Structures are given as C-alpha cells and as structure tokens.
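These numbers were taken from a predicted model, which means no experiment stands behind them.
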Amino acid sequence: MARVVLKDLTKRYDNVVAVERLNATIEDKEFVVLLGPSGCGKTTTLRMIAGLEEITEGEIHIDGRLVNDVPPKDRDIAMVFQNYALYPHMNVYENMAFSLRLRRYPRKVIDERVRRAAKILSIEGLLARKPRQLSGGERQRVALGRAIVRNPKVFLMDEPLSNLDAKLRVQMRAEISKLHQELGSTVIYVTHDQTEAMTMADRIVIMKDGKVQQIGTPQEIYRHPVNLFVAGFIGSPAMNFVEVAIADGYKLLSPHFSIEAGWELKKIIEKHRLFGKKAILGIRPENLEDSAFVPPRQEKVFIEAQVELIEPLGPEVILYTKIGELRLVARVNPETAARPGGPIILHVDRDKLHLFDPESGEAYR
C-alpha cells in the first residue's frame, strides 16, 4: 500500500476558498477519517486526492510520487462513492470485473480477483444478481468489492454508509474495519458522522470552513480538543459550555454555580496566569452525574439544577437541565429517580473539565 502526503493543498472556486493550505500525512496502512460538517471541504479534499478535482495550489504525493498532473486512472487509487455507482444493466460479477476488463487483465486473473473479493465480503451467492435485486447493504458490499479487485495503493471512501439505516451502518462499520485489517490497506474516509470517525479511524482530521482544526487519534481529540469547535463537534451529546470568571484563588465562578478547579485546571490557571480573568468552561455530559450515584468516599462537587427533559437510552439516561437561563446536559445512571420539572443535584467530575480562551476559542493546555 502507500503513504499519502498533502502539502499546502488548496482549492478555490473563484473567490470562494473550499480548502485552504491543508497539510496532512496519511501513513502506509493507516485508516484516516476526514471529519466535519457539510461544506467544510472534506469531500473536495478527497476528490483532489482522487484526481477528480483540479488543485489550485499545493502538492499531493502518493507512495513518494507527485501526482498533481497524473490522471485519476493512473494514480493507483480506488474510490467508493456514497451512491454506490453500480451499473444497473450489469450483474454483480460484471460490475466488479469491469475496471479490470478495461485494463485488459487476463480472464483468469479477473475471475480469481472477483471471486476472492466476493469471498472476503460474503457475497459469493450474489454474483449473478443485478443491482436492483440487492439490498442497500449488499450494494455497498459490491461497491467495496469493485474497489478491492483493483488492489489499489489507496482506498478513498466518500460517506459510503450514509444511505444505510442505523442498524446496517453499525454492521458495515465493523465490516469495513475488518476489511481494512485483512487487506492492510491505506484508507482515507470522509464522513460527517462522528461515531463512524471515532469507531473506525486510526487518526481523525477535523475540518471546518476548509481548514484543518485538529489531527489526532480519536482519544486525543476527545480528551484534548484544541478549540471550542472541536470540543463541541466531538461528543454526543455535545460538551456544555459555561462562561466563568476565575477568582478567589482557583474558583470557577458563574452566575449559577461555583466550582473549585481540579488539580489539572489549577496547573493550567497558573501556567496562563488566568487569575481574575474570564474563560469558557467545558463540561462533557458524562462528567455530570446524578449525585445519588456518587460513591460515598468520592469527593463531591455539586450543582443544583431543574430537570426539563429526560431521554432514556437503556444503559444510560440523558438529562436536559437548567439553572436559570443556563442549560446543562448530563449523562447519568439509568436508575436515576430524576423526573421532568423536578430538582436534580449533579455531581461534577472536576478532574475532567476544560478551559477555553473566550476570544480566540483556543483551549488552554
């Protein structure tokens, strides 16, 4: 497989900058996800790597070769599209074999590759069927099979699961991850679904407005977001943000509550000399618990709130609460006795709080 290097990659449409000076390296056999909201430039980036979109500035290197001016068919990549892009008049076998026939591979080689890919994807029994006779998941497997038979250096996947129902998406996520491990392939995968990114990626490239916000492993990005955008985009429900003042030593003061900073935040406050200044406090919902379930010996840091809405999710419950005008979302024990309209005392895990600069939005680290 291959290493992909993007240097100052830029794409402009007249006065609109779709991708701005993107720099990233996808290592050999790595599974990297381009993640961000609609319009952030992730699909445009993928299409530039594929050669389907002209580059305005910058360089793309695949396996050590500059491919800026290399046609898509000669880049040794395979792309899996959102809409499957299967030929309706061909059966599954013919769809998977088509690109090899165009390249005039021997019939025996084509047959071996198609049947090997079909076995990997468990679609041997579908080879004689037409696309209209397949379910969405089966069509997606065929689209993956058509890419596999090429033995490409790089797989490019553009939101391949977005047309599937929720249960099938979970199943196909596992299938693609397993496929990546079996093939030892380099994969660049585009999605706006953070769950796909967090469960599948070796590393995630988070984009906003054509710019890279952060590159890191799922855990790095989740635990140490670099700014308010990343912190709010990663995590479901999203991180709570509260304006606070740092006063009376290490106290985080809002009009609605007061929390003593934990050990890590104290070091950050000292490092950045935040005494007497304002900041944005970030609290993930899972770091707010119903106080009734806090172990007796654990340090208790409480916030009193009122429950507005409850979402039971089986193994957990999402509470939507308010303190005056402030709204806080908490992920709590499923045995909670909280009820809409009633009071709740939330315990804050103060060792897992985040602070952000209110002007730049950058995380204090």
Between Glu196 and Thr191: side-chain donor-acceptor atoms closer than 3.5 Å: yes
Glu243, CD atom: more than 12 neighbouring heavy atoms under 6.0 Å: no
Glu175/Lys178 salt bridge by N-O under 4.0 Å criterion: no
Polar contact flag, side-chain donor to acceptor under 3.5 angstrom, Asn333-Glu289: no
Any donor-acceptor pair under 3.5 Å from Thr186 side chain to Ala2 backbone: yes
Exercise: identify the closest heavy-atom pair between Pro72 and Gly51: CG-O, 3.3 Å
Over 12 non-hydrogen atoms of neighbours within 6.0 angstrom of CZ in Arg350: yes
Polar side chain donor-acceptor pair, Tyr93 to Asp111, under 3.5 angstrom: yes
Cut-off 3.5 Å, no hydrogens considered: what does the side-chain donor-acceptor table look like for residues 166-173, sequence neighbours left out?
from	atom 1	to	atom 2	distance (Å)
Arg169	NH1	Leu164	O	2.7
Arg173	NE	Thr199	OG1	3.3

Nearest-0.5 Å distance, CG of residue Leu52 to OG1 of residue Thr43: 11.5 Å
Plane angle bin for Phe302 and His347 - parallel if under 30°, tilted between 30 and 60°, otherwise perpendicular: perpendicular
Heavy-atom pair of closest approach, residues Val80 and Pro160: CG1-CB, 4.1 Å
Within 6.0 Å of CZ in Arg103, more than 12 heavy atoms from elsewhere: yes
Closest approach of Met207 to Leu22 (non-hydrogen atoms, all atoms of both residues): CE-CD1, 3.6 Å
Stepwise side chain to side chain contact (heavy atoms under 4.5 Å, CB included) test for Glu59 and Asn68: CA-CA 6 Å; Glu59 297 179 354; Asn68 285 32; 4.2 Å; yes
Exceeds 12 heavy-atom contacts within 6.0 angstrom, atom CZ of Arg101: yes
Neighbour count >12 (heavy atoms, 6.0 Å) for atom CZ, Arg223: no
Expected output: side-chain Asp76 to main-chain Val154 donor-acceptor under 3.5 Å: no
Neighbour count >12 (heavy atoms, 6.0 Å) for atom NZ, Lys7: no
N/O donor-acceptor pair under 3.5 Å between Asn240 side chain and Val329 backbone: yes
Flag if over 12 foreign heavy atoms under 6.0 Å of CD, Glu304: no
Short side-chain to backbone donor-acceptor contact, Glu220 and Thr217, under 3.5 Å: yes
Check: Ile49 main-chain N/O paired with Arg75 side-chain donor or acceptor under 3.5 Å: yes
Asn23-Asp8 side chain donor-acceptor pair, cut-off 3.5 Å: yes
Euclidean distance, Gln140 CD relative to Phe81 CZ, rounded to 0.5 Å: 12.0 Å
Hydrophobic cluster partners of Phe356 (side-chain heavy atoms under 4.5 Å): Leu228, Met239, Phe241, Ile280
Pair Glu182-His180, side-chain donor/acceptor within less than 3.5 Å: no
Arg203 vs Glu27, salt bridge (charged side-chain N to carboxylate O under 4.0 Å, His left out): CA-CA, chis, key distance, verdict: CA-CA 10 Å; Arg203 286 189 303 146; Glu27 299 295 345; 5.5 Å; no
Lys119 atom NZ: more than 12 heavy-atom contacts under 6.0 Å: no
Stepwise salt bridge (charged side-chain N to carboxylate O under 4.0 Å, His left out) check, Lys267 with Glu264: CA-CA 5 Å; Lys267 292 192 290 185; Glu264 291 298 323; 3.4 Å; yes
Test item: Ser162 side-chain N/O and Glu159 main-chain N/O as donor-acceptor pair under 3.5 Å: yes
Aromatic ring proximity Tyr250/Phe275, centre distance under 6.0 Å: yes
Smallest separation among heavy atoms of Ala197 and Pro218, with atom names: O-CG, 4.3 Å
Nearest-0.5 Å distance that lies between atom CD1 in Ile26 and atom CG in Asp202: 11.5 Å
